[in-house]
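What follows is a set of notes on a single structure, which appears directly below.
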Amino acid sequence: MLILVVDDDALAGEMTAAVLEDQGHQVIQAEDAVSAMEQLNEHPGIELIVSDMNMPLVSGVELFRELREQGKKLPFILLTGDDPAVASAQEPALDACIMKDFSLDETLPQAIAQVLAGYN
Amino acid sequence: MALDIRKFIQRFIEEARDHLSNMGEGLAALEQGGGDAELINGLFRSAHTIKGSSRMLKLVPVTETAHSLEDLLSALREQRVSASPGVCSLLYQGVDALTDLVEQLTNNPDPAALTPVNSQLCQALKAAAEEQQLLSVEPAASASVPEVIVAPEVVQEASNPALRTSDTVRIRLSKLEELIKLMGEVVSSHAGFRELVDTARQLDRRGQLEGRGELPAAWHQFTRNLRETVIAQEDLMQELHDKALQMRMLPLNIVFEPASRLVRDLARSLGKQVECRIRGAEIELDRQMIDQLADPVIHLLRNALDHGIETPEARQAKGKPSQGLVSLSARQDGGWVELEISDDGAGISLEAIRSKALKKELVTPEQLETMSDQEVMDLIFLPGFSTSAMITELSGRGVGMDVVKRSIVDGLQGVISMHSTPGEGSRFVLRLPLSLAMMRVLLVQSAGHQVGFTAQYVAELISMPETALINVADRNAVIIRNEFVPVVNLAELIGLPALPEERRLLPRTEKDLLLLVTRVHHEKLALVVDELLDERDLVIKQLPEHLRDRPMIAGMVTTGHNRLVSLLHVPCLMDMARRSRQPSAVSATTAKTEKQRRILVVDDSLNTREIERDVLEAWGYQVTLAENGQDGLDKALADDFDAVLTDVEMPVMDGFTLTARLRQDERYSNRPIVIITSREKESDRRRGIEVGADAYIVKGSFDQNSLVDTLRVLLD
């Protein structure tokens with residue numbers, strides 16, 4: 001599956017990508033919301049978006065809302081360094097919201113499985 | 001774990017370092033009041049990113065510290081808290097704690113090996129983020145509270161940036177001291193080997209004389225091998241010792257950085273606007289010196305802020321920018337480092353110094369009359385000069401400039417001088433050796449005793465026939481390149497009892513005097529010594545604690561045979577030499593004749609001025625000194641002198657020009673002007689007469705009677 005990872009911290013983005021690639025996925029990275037949009041246009045095959053919450057200018061939640069406004073209905077998983085409950089409350093329409101920590105290699109694949117199950 | 005995410009730790013270290021260094025800069029800007037939203041946002045983002053990526057790597061202490069830092073920065077961003085000094089200090093401590101953790105990771109990339117989080121610091125950060133009411137209502141109290149909470153080791157880490165760079169090993173300072181001390185002992189004891197080589201060579205020479213054969217030849221070969229080995233060993237050891245000393249060197253930043261913070265804090269408390277500019281903070285000095293340097297530097301900065309920089313209103317009234325400038329700069333010059341502390345404040349007027357010195361009875365009006373501008377300036381370093389009346393609580397601390405001078409000159413073996421221009425500011429220059437542990441030393445013999453001199457005070461060593469001595473004003477002097485230099489016998493000056501002469505390998509046969517010409521600033525003193533024994537880099541040992549208050553001995557060195565030799569402290573010898581001739585000067589000034597003739601003496605050499613003054617005063621003249629032609633001209637025109645004595649070669653304006661200019665003034669068109677110079681050429685003499693001098697005396701043939709006779713003839 002082709003997944004778009006959006007994170008302004010290149011290191012965190014690469015670690016997320018490593019987790020996904022380890023699961024057999026293909027990853028495209030973007031460092032902010034603007035380049036995320038460009039990547040989406042360029043790669044129509046993207047099936048899922050994993051985005052960081054806290055980014056300069058446009059946050060993860062704002063990116064999500066923008067996508068939905070434009071009618072893009074791709075599954076969207078939000079990663080956050082803070083309490084995921086806060087972000088979920090802020091935007092209940094998010095498909096999943098998980099804590100960005102050292103257990104990401106377990107939580108992220110789980111979340112993807114759940115989200116995809118919901119879409120199918 | 002399917003994925004070994006830990007391979008990302010190296011990446012994390014690199015990125016965290018970048019973030020932390022950005023945060024350091026950001027905090028400095030924040031502290032200086034540049035707290036715009038973008039800056040705080042940048043700080044917040046850095047903390048946030050470190051928190052995020054460290055959490056993914058399970059670096060718990062890093063995550064928690066970064067989180068607490070983020071909380072406080074967030075409060076700052078939302079303007080719930082203001083960037084008070086207390087808050088800034090906490091933020092600094094947070095960044096330092098993170099830096100420390102990241103450095104631990106560098107040495108050992110195992111997240112489990114990290115020291116546990118400093119929870120007191122984290123709590124203090126969080127508390128500061130939440131206690132906004134407290135902060136805004138009572139800034140002074142709340143600012144101090146978090147600083148008290150923080151564990152002391154955090155503060156200590158911050159004072160040691162040299163050990164925080166990458167690829168470092170932490171060593172207890174005491175271990176390093178032991179190593180360096182031991183190294184010093186090894187270097188010192190090596191002198192014994194040199195002596196052994198000498199003995200071996202003498203034996204060899206005797207063997208050669210006594211006969212040929214297998215044994216003398218083998219011995220000759222052995223001696224040569226021994227000598228080569230010892231020399232090679234010495235090179236290696238010297239290098240080892242240098243490297244050992246290098247390990248104790250720290251950047252000046254350790255003094256400069258807190259100093260710049262101090263300047264900002266003081267400026268705030270005084271209601272003055274001050275920019276602190278720093279240059280050369282990367283220059284390294286022996287830690288021993290760094291420790292002793294902090295107090296004098298802080299004292300000078302306090303003075304600059306308290307007395308130097310004016311209030312913004314006063315500055316504007318004078319047409320200066322309302323923000324004052326204090327600059328702290330260092331530059332390396334061979335084995336020396338020169339520190340300069342300057343301000344663009346009010347400066348000190350010579351008049352103020354004169355009247356204060358008189359009021360405090362540090363000098364008599366007569367003495368003051370004869371002092372050059374630089375000498376007047378130096379009065380501020382006298383004990384008792386800078387006390388209560390001039391100093392407020394801020395720069396007071398019960399310490400005067402004399403203590404600053406003492407710690408620079410005696411403690412650090414350095415030199416301090418001050419320059420000031422009223423209205424434009426003051427400048428202090430401190431010249432210091434890079435290390436006190438090892439110095440170039442000249443070993444000389446005087447009355448059978450060995451004594452040492454550190455090379456920084458030695459200008460030259462010259463041999464002169466006794467007849468070259470001239471007697472002026474009841475003391476001896478020599479003329480060295482257009483300058484009178486007083487001569488004293490070292491053994492007599494410091495009262496060395498004569499020892500039976502030791503056997504010498506190469507006794508000095510000539511009857512000439514050996515003069516060790518010492519120099520402190522512009523002042524010179526020639527010491528008569530018996531002979532030069534050695535000149536080399538030696539390890540300086542401090543005097544034991546109970547002898548430290550002896551100002552005459554700067555330290556000890558060990559020579560071969562484990563013999564201890566005292567290093568004489570030249571500034572102290574100069575004081576002694578000055579004191580020993582004081583009585584005659586005083587009696588001369590007190591023996592006033594009814595109608596004292598006033599003479600202006602112009603010469604750029606301090607020694608020459610002083611000697612000419614002493615000669616003239618001994619003959620009952622009243623003398624005023626000037627440092628160069630322009631200074632002389634100003635003083636001559638502002639006052640009224642019966643005669644002028646001038647040198648030729650001087651900075652700013654030479655003696656010929658001075659003479660010519662004086663002749664243009666009506667008052668001086670007929671007054672006696674005498675040129676005293678080392679220029680012997682007939683053309684110079686003619687030029688002297690052409691510009692209007694009444695007499696031309698060559699220093700080489702200087703005879704005080706001829707000067708006095710000449711003057712008497714001209715004046716009568």
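We name chains A, B, ... by the order of the sequence lines, and we start the count at 1 in each one. Quick caveat, the model's predicted, so the values are computed rather than measured.
Within 6.0 Å of CZ on B:R268 lie more than 12 heavy atoms contributed by other residues, nucleotides or ligands. Counted within 6.0 Å of CZ on A:R68, heavy atoms from surrounding residues, nucleotides or ligands total more than 12; the atom is thus considered enclosed. Other residues, nucleotides and ligands place no more than 12 heavy atoms under 6.0 Å from the CD atom of A:Q26. Under a cut-off of 6.0 angstrom, the local environment of CD in A:Q90 is crowded, with over 12 non-hydrogen atoms contributed by other residues, nucleotides or ligands.
Both the backbone and the side chain of A:D82 come within contact range of chain B, with heavy atoms under 4.5 Å apart. Looking at B:E70, the atoms closer than 4.5 Å to chain A (heavy atoms on both sides) all sit in the side chain, from C-beta outward.
Between atom CG of residue A:D9 and atom OG of residue B:S53 there is a gap of 4.5 Å, rounded to the nearest 0.5 Å.
Listed by sequence position, A:N54, A:M55 are the residues of residues 48-55 of chain A in contact with chain B, using a 4.5 angstrom heavy-atom cutoff.
Residues B:M56 and A:D101 are not in side-chain contact: their nearest non-hydrogen atoms beyond the backbone lie 4.5 Å or more apart. Proximity of A:F102 to B:L57: side-chain heavy atoms (C-beta onward) are nowhere separated by under 4.5 Å.
Each of B:K51, B:E14, B:R45 has some count of heavy-atom pairs under 4.5 Å with chain A, and the biggest count is that of B:R45.
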